[in-house]
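Notes to accompany the following structure.
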Amino acid sequence: DQLQDVPYDSVRYWQITLEKGELIRADDIHLLPDDVVEILQWQEVKSILVVPLTVMGKWHGFLGFDECSEMRRWTDEEVSTLETAARLICSAMERRGLKMELAHASRLSAVGALSAGIAHEYNNLHAGIMGLIELSLEDPGLPPAARRDQEKILALVNRGVVLTKKLLDLASKKSHVFAPVDMHAV
């Protein structure tokens with residue numbers, strides 16, 4: 001982010017060139033745009049070689065050599081060495097990112113499995129409550145106020161069933177297909 005105490009984004013040429021994935025190679029910094037020359041002269045740089053660090057198509061920074069004692073011509077070997085070092089750094093950054101993504105996916109999978117287990121337990125509770133309420137509603141001697149309360153409880157339990165089904169669907173990676181089943185064939 002900084003060119004020795006100079007914000008990177010304040011040097012437009014630098015930013016545009018590196019974000020395009022191009023290197024900056026100046027045997028004489030005076031061949032660069034004036035705003036870059038001003039900054040590099042202030043840091044007593046005579047020649048500079050910079051390559052971008054790009055990981056998975058996204059620019060992350062840069063790596064470079066500079067020469068402060070005299071102007072120099074950067075050899076193809078030096079350019080190749082710097083580009084190789086940049087690729088190694090980018091590979092390590094990519095591996096780190098992929099490991100983090102894998103760990104995150106693993107945590108999400110564990111949460112899904114836990115959610116499915118909890119949802120199944122709630123289904124068992126719902127089934128028990130619904131069965132008891134449905135049995136009590138069959139009682140012809142049930143007082144009207146108790147019947148209304150039981151029906152309200154049944155409606156709430158049905159809402160719980162719908163929410164639990166959504167939780168199971170979220171935890172499951174499979175799509176569900178509902179179809180009539182002939183119970184006599186089972």
Side-chain angles (χ1 to χ4, degrees), residues 1-123 162-178:
D1 279 333
Q2 300 266 333
L3 300 169
Q4 292 188 19
D5 300 322
V6 177
Y8 159 76
D9 57 1
S10 70
V11 186
R12 191 80 177 120
Y13 166 79
W14 198 277
Q15 184 177 9
I16 291 169
T17 303
L18 293 173
E19 286 181 356
K20 286 194 297 187
E22 298 173 4
L23 63 84
I24 297 172
R25 180 180 188 172
D27 300 334
D28 177 357
I29 63 161
H30 294 94
L31 301 175
L32 296 171
D34 291 341
D35 59 337
V36 177
V37 171
E38 184 180 325
I39 291 167
L40 295 176
Q41 275 183 328
W42 173 71
Q43 297 179 26
E44 300 181 7
V45 174
K46 309 282 189 234
S47 301
I48 194 159
L49 175 62
V50 179
V51 295
L53 298 175
T54 306
V55 179
M56 298 174 87
K58 185 178 176 196
W59 184 83
H60 284 271
F62 55 88
L63 183 63
F65 295 143
D66 60 33
E67 178 63 62
C68 296
S69 58
E70 61 186 4
M71 282 191 281
R72 65 172 296 160
R73 181 169 179 354
W74 300 104
T75 67
D76 290 341
E77 248 180 23
E78 290 167 326
V79 172
S80 178
T81 299
L82 191 59
E83 288 175 331
T84 300
R87 279 193 299 277
L88 290 171
I89 290 168
C90 291
S91 291
M93 291 170 68
E94 185 173 344
R95 268 192 316 279
R96 182 175 177 240
L98 292 172
K99 282 181 183 178
M100 289 171 61
E101 286 178 25
L102 181 61
H104 180 69
S106 180
R107 283 191 303 273
L108 287 179
S109 178
V111 167
L114 178 62
S115 298
I118 291 170
H120 282 293
E121 288 300 318
Y122 274 114
N123 272 340
V162 170
L163 289 173
T164 302
K165 182 190 175 312
K166 288 180 181 179
L167 187 59
L168 276 170
D169 287 345
L170 182 66
S172 171
K173 293 183 175 88
K174 302 174 201 158
S175 59
H176 299 284
V177 177
F178 296 97

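All values reported here derive from a predicted model rather than from experimental measurement.
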Side chain to side chain, [X] and [Y], heavy atoms closer than 4.5 Å:
X: Thr84; Y: Arg87; value: yes
X: Leu168; Y: Asn123; value: yes
X: Trp74; Y: Leu82; value: no
X: Leu98; Y: Met56; value: yes
X: Leu32; Y: Ile48; value: yes
X: Ile24; Y: Leu18; value: yes

How many angstroms lie between [atom1] in [X] and [atom2] in [Y], if you round to the nearest 0.5 Å?
X: His30; Y: Ser47; atom1: NE2; atom2: OG; result: 10.0 Å
X: Glu78; Y: Glu83; atom1: CD; atom2: CD; result: 12.0 Å
X: Arg107; Y: Leu102; atom1: CZ; atom2: CG; result: 10.0 Å
X: Leu49; Y: Glu67; atom1: CG; atom2: CD; result: 11.5 Å
X: Ile89; Y: Leu53; atom1: CD1; atom2: CG; result: 5.5 Å

Expected output: side-chain Glu70 to main-chain Arg72 donor-acceptor under 3.5 Å = no
message = So which atom in Val51 and which in Ala86 form the shortest heavy-atom distance, rounded to 0.1 Å?
response = CG2-CB, 3.6 Å
inquiry  = Could you work out, with side chain to side chain contact (heavy atoms under 4.5 Å, CB included) as the rule, every residue matching Ser115, not counting sequence neighbours?
reply    = Val111, Leu167, Ala171
inquiry  = Tell me whether Phe65 at atom CZ has more than 12 heavy atoms from other residues, nucleotides or ligands lying less than 6.0 Å away.
reply    = yes
Pairs meeting criterion salt bridge (charged side-chain N to carboxylate O under 4.0 Å, His left out) with involvement of residues 23-47, two or more places apart = Arg25-Asp76
ask   = Would Ile39 and Trp14 count as a side-chain contact (heavy atoms from CB on, under 4.5 Å) if you check the C-alpha gap in whole Å, the side-chain angles of each, and the deciding distance to 0.1 Å?
value = CA-CA 11 Å; Ile39 291 167; Trp14 198 277; over 6 Å; no
